[in-house]
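Everything below concerns the one structure shown next.
Predicted, not measured: the structure shown is a model, and the values here were computed from it.
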Amino acid sequence: MTKKSVLAVEDGITMRLFYRDVLEKAGFVVEEAANGVEGLERALMTRFDLMVVDINMPKMNGYEMVRQVRGNPALRSIPVLTVSTEEKDDDVVKAYEAGANFYLVKPVRPDELTAVVRLLTGSIS
């Protein structure tokens, strides 16, 4: 069976390493991007099964990246998990309005991250 691929779009190196460590241990292939612009470029070059997108990033924030993903026919169907330190209701609503499939608040527990990624990629075992 082919491993599902995840694009982790996050400006913090520590969080990118966390996503890579947790998700690779759970059997996923993980690639990284440091901001929304880089994430969009990577997504257009390589087919991913899921994108994990931080909200607060330089160059292009997560809301804008998700809007652009949803506006692009080649990317529109890829599930997007948004992750942020923002936990106010309007932040969550903005993420869903942009087109996110799920919203997690940092700090994210490894088991919670793995469960949501498995759910969104159809990798429930």
Cluster link [X] to [Y], ILVMFWY, side chain under 4.5 Å:
X    : Y    : value
V6   : V80  : no
F102 : V66  : no
Y19  : V117 : yes
V69  : L44  : yes
V83  : F18  : yes

Pairs under 3.5 angstrom only: tabulate donor-acceptor contacts from the side chains of residues 45-55 to other protein residues two or more places apart or in another chain.
residue, atom, partner, partner atom, Å
D49, OD2, S5, N, 2.7
D49, OD2, S5, OG, 3.4
D54, OD1, K106, NZ, 3.2

All pairs passing salt bridge (charged side-chain N to carboxylate O under 4.0 Å, His left out) where residues 91-100 contributes a residue, at least two apart: K88-D91

Listed by chain and number, what are the side chain to side chain contact (heavy atoms under 4.5 Å, CB included) partners of V92, not counting sequence neighbours? Y96, Y103

Quick one: list whatever passes side chain to side chain contact (heavy atoms under 4.5 Å, CB included) with L119, sequence neighbours left out. I124

What side-chain donor-acceptor pairs closer than 3.5 Å can you find for residues 22-37, not counting sequence neighbours?
residue, atom, partner, partner atom, Å
E24, OE2, R20, NH1, 2.7
K25, NZ, D21, OD1, 3.3
K25, NZ, D21, OD2, 3.3
E31, OE1, R42, NH2, 2.1
E32, OE1, R16, NE, 3.1
E32, OE2, R20, NE, 2.7
E32, OE2, R20, NH2, 3.3
N35, OD1, V37, N, 3.0
N35, OD1, E38, N, 2.8

What residues form a salt bridge (Lys or Arg N to Asp or Glu O under 4.0 Å) with E41, not counting sequence neighbours? none

Excluding sequence neighbours, so at least two apart, what forms salt bridge (Lys or Arg N to Asp or Glu O under 4.0 Å) with D11? none

To the nearest 0.5 Å, atom CG of D89 lies from atom CD of E87 at 10.0 Å

CE of M15 to OG1 of T85: how many Å apart, nearest 0.5 Å? 10.0 Å

With side-chain contact (heavy atoms from CB on, under 4.5 Å) as the criterion, how do L104 and T82 come out once you've worked through the C-alpha distance, each side chain's angles and the decisive distance to 0.1 Å? CA-CA 6 Å; L104 290 176; T82 48; over 6 Å; no

Using only atom types and a distance under 3.5 Å, with no angle test, would you say the side chain of R70 pairs donor to acceptor with the backbone of G99? yes

Listed by chain and number, what are the side chain to side chain donor-acceptor pair (under 3.5 Å) partners of [X], not counting sequence neighbours?
X    : result
R109 : D111
N56  : E86
T114 : none

Verify side-chain contact (heavy atoms from CB on, under 4.5 Å) between L75 and L40, making sure each step is shown before the conclusion. CA-CA 9 Å; L75 305 176; L40 208 51; 4.0 Å; yes

Which residues end up grouped with L17 if you chain together Ile, Leu, Val, Met, Phe, Trp and Tyr wherever their side-chain heavy atoms are less than 4.5 Å apart? I13

